[in-house]
Amino acid sequence: METTPTSESDTTTQRADHAPALADRPALATETVVVLDFGSQYSQLIARRVRESNVYCELLPYDVPWNEVARLRPRGVILSGGPSSVYEPGAPQLPDWVLESGLPVLGICYGMQLLAHALGGVVEPAPEREYGPATIEVLEPHPIFAGLPERLDVWMSHGDRITALPAGFVPLARSANSPYAAMARGHLIGLQFHPEVAHTPLGRVLLRNFLYDVCGCAGDWTPESFIESSIAAIRERVGIDRVLLALSGGVDSSVAAALIHRAIGDQLTPVFVDTGLLREGEPETIKEVFGRHFKMPLVAIDAEERFLARLRGVVDPEEKRRIIGEEFVRVFEAAAAEHGPFRFLAQGTLYPDVIESATAVSKAAAKIKTHHNVGGLPADLRFELLEPLRFLFKDEVRTIGRLLGLPEEIVQRQPFPGPGLAVRIVGEVTPEAVATVRRADAIVRQEVEAAGLSAELWQFFAVLLPIRTTGVMGDYRTYARVCAIRAVTSEDAMTADWARLPHELLARISNRIVNEVPGINRVVYDVTSKPPATIEWE
């Protein structure tokens, strides 16, 4: 059993029903490692670490059938941790194909206990839970520990432990509380600790050892190879047909536009929809960069009244996302009728979008929220989806954007939710609320950038709350709304920590907002990490 820390997300998801499961995979990389998700807080992080070693990796549900896995031609399998105890009724169990396939297997935490349990070992509750930093002593040489010292600082997170190894396994390492901190029998390896987290400083070396020395991977999955294979795959799939692209001006859709344009040229028509929910200055920037700088046949549509009318009276965030997702598609259908015909609708959907939206890649994990371009699409969608970035993390997308020649002002733009400012207004979305939060958000961005901190932060923005508080301005009583400031650090938005902004900076932001933005008389700062909170308030 893995205990539940507070530094990683545990959400995962399945492919939406609107497109074939394999259609947007990166041309089925020459070598793939599969991570089976048993509900760990760290499952997505394992996938990221594998990718960082230039090996393509996918996160799949623990009960995925072999025929789905076989299509990926895997070189190895990693079993994630999980919150269950292997001996409990109903606990996720090891699929038969994992051992029958003969593939190298790395079990991490619950994954290690699962290997032991399936092969006749004994797993029992530990006298003391082991959660936090620990030191292990390497007992036996093995490729997984190649080039590493005999004592390693690691991160433990478990309440059970193995008390008897399965036949043929040898103990590779021990800690003060775990007599079997690592075990192996040939290409079957178990680690009781988490090599994927930063608190295991040499954990990336351990994972590389598994990928290269045990699985025999060459590490040839690079941004350059992704671009080359994706261009070929897009050309093959699209053929002579045309593509309509939903361009928001954010990193994701911009990189998708550049990649698809590189592949099919003027067969791509990017459509920028001004929903009236964008940040200050964004419509002008998007038209400049893509219409004039990249010479793309950009179609700009002013749909502010249409979106705000649909959102009138709506307060539920999931309903906001559903409405916006559906309305986007209706706008694109109208654009297709005018500028088409188009067979494909292209989007900048990323792997974290898919993971968070879901119906669950792992039945051991939960849906958090719907992303408008994943779970918010209508069932009667008239296009085939083209999402070439669907299996990439944000940092991978930024790298690819630079290689494609996108300017830094686009590549380094902080993430912005597809529903825009609608999910930064807690409560009903009105024109007045949009104007208020837009101006407050602009002040936050201006001050953070002026302080030279924007490169250190993942996101920083303002949220308008649906409550009013008493204040005093110029000897007069005020009763106005509250603005919350959110700033976080993160690697990929799967987890995030609240940013420790200087007090002087927060004071300047607060002073400017209450003085320059009508309708706000109080500013608060959000000091909650993800988990337990999400980055956006809705």
Side-chain angles (χ1 to χ4, degrees), residues 249-250 274-286 288 304 308 408-410 412-417 419-490 496-530 533-538:
D274 185 353
T275 63
L277 301 168
L278 298 178
R279 290 173 290 196
E280 190 173 277
E282 280 194 322
E284 296 76 18
T285 299
I286 293 166
E288 173 66 30
E304 178 176 359
L308 292 181
E408 283 297 304
E409 63 180 304
I410 294 293
Q412 278 303 120
R413 180 166 292 184
Q414 63 166 309
F416 188 58
L421 298 176
V423 291
R424 292 182 179 172
I425 298 169
V426 180
E428 183 181 4
V429 179
T430 65
E432 296 76 20
V434 172
T436 299
V437 76
R438 177 182 288 128
R439 185 64 199 129
D441 179 79
I443 290 172
V444 173
R445 289 188 289 134
Q446 289 166 8
E447 290 296 334
V448 169
E449 290 166 2
L453 296 176
S454 58
E456 301 175 19
L457 302 177
W458 179 263
Q459 280 178 269
F460 44 98
F461 54 88
V463 180
L464 188 63
L465 305 188
I467 58 174
R468 297 177 184 273
T469 65
T470 301
V472 58
M473 293 181 179
D475 297 327
Y476 288 96
R477 176 186 182 273
T478 62
Y479 192 59
R481 297 183 72 166
V482 178
C483 175
I485 306 304
R486 181 75 157 145
V488 299
T489 58
S490 179
D497 191 18
W498 65 275
R500 276 63 171 174
L501 296 183
H503 291 177
E504 296 79 6
L505 173 59
L506 291 173
R508 285 197 302 274
I509 291 173
S510 176
N511 185 64
R512 284 194 60 190
I513 288 177
V514 296
N515 281 284
E516 297 177 28
V517 184
I520 294 176
N521 70 354
R522 190 179 300 271
V523 176
V524 297
Y525 188 54
D526 185 345
V527 293
T528 319
S529 295
K530 174 187 179 180
T534 55
I535 295 177
E536 299 289 345
W537 276 48
E538 290 196 340

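Residues take their numbers from the sequence shown, with the count starting at 1. Computed from a predicted structure; not experimentally measured.
- The one candidate from Ile535, Val444, Ile485 that meets the side chain to side chain contact (heavy atoms under 4.5 Å, CB included) condition with Phe461 is Ile535.
- Between Pro466 and Arg481, the shortest heavy-atom contact is CA-NH2, 3.7 Å.
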Inset, instruction - For the pair Arg486 and Asp526, evaluate salt bridge (charged side-chain N to carboxylate O under 4.0 Å, His left out) and give the outcome as yes or no after the intermediate values. - result: CA-CA 5 Å; Arg486 181 75 157 145; Asp526 185 345; 3.4 Å; yes
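- Within the 3.5 Å criterion, the main-chain N or O of Thr469 finds a donor-acceptor partner in the side chain of Asn521.
- One distance of note links CG of Leu505 with CD of Glu447; it measures 6.5 Å at 0.5 Å rounding.
- Remark: the backbone N or O of Val437 is not paired with any side-chain donor or acceptor of Asp441 at under 3.5 angstrom.
- A distance-only check finds a donor-acceptor pair linking the side chain of Thr478 to the backbone of Gly471 [under 3.5 Å].
- In plain terms, the two heavy atoms of Leu277 and Phe416 that are nearest each other are O-CZ, 3.6 Å.
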Evaluate side-chain contact (heavy atoms from CB on, under 4.5 Å) for Leu501 paired with Tyr525, printing each intermediate quantity in order.
CA-CA 10 Å; Leu501 296 183; Tyr525 188 54; 3.5 Å; yes
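- Counting heavy atoms from C-beta on, the side chains of Leu464 and Leu421 never come closer than 4.5 Å.
- Within the model, atoms CD1 of Ile425 and OG1 of Thr436 stand 8.0 Å from one another, a figure rounded to the nearest 0.5 Å.
- With hydrogens and angles disregarded, a donor-acceptor distance shorter than 3.5 Å links the side chain of Gln459 to the backbone of Pro415.
- A heavy-atom distance below 4.5 Å is not found between the side chains of Arg424 and Trp537.
- Between Ala496 and Ser529, the shortest heavy-atom contact is O-CB, 3.3 Å.
- Within the 4.5 Å cutoff, side-chain heavy atoms of Leu457 are placed close to those of Thr489.
- Of the possible donor and acceptor atoms, one in the side chain of Glu282 sits under 3.5 Å from a partner among the backbone N and O of Arg279.
- Here the straight-line distance linking atom OG of Ser510 with atom CG of Asn515 works out to 9.0 Å at 0.5 Å rounding.
- Atom CD1 of Ile443 and atom CD1 of Ile509 lie 9.0 Å apart (nearest 0.5 Å).
- Considering all non-hydrogen atoms of both residues, Glu538 and Gly427 come closest at OE2-N, 3.6 Å.
- Considering all non-hydrogen atoms of both residues, Arg522 and Thr470 come closest at NH2-O, 3.1 Å.
- Taking CG of Leu308 as the start and OG1 of Thr430 as the end, the distance is 8.5 Å to the nearest 0.5 Å.
- Between Pro419 and Val423 the shortest heavy-atom distance is CB-CG1, 3.9 Å.
- Only one option out of Arg438, Arg445, Arg439 pairs with Glu280 in a salt bridge (Lys or Arg N to Asp or Glu O under 4.0 Å); it is Arg439.
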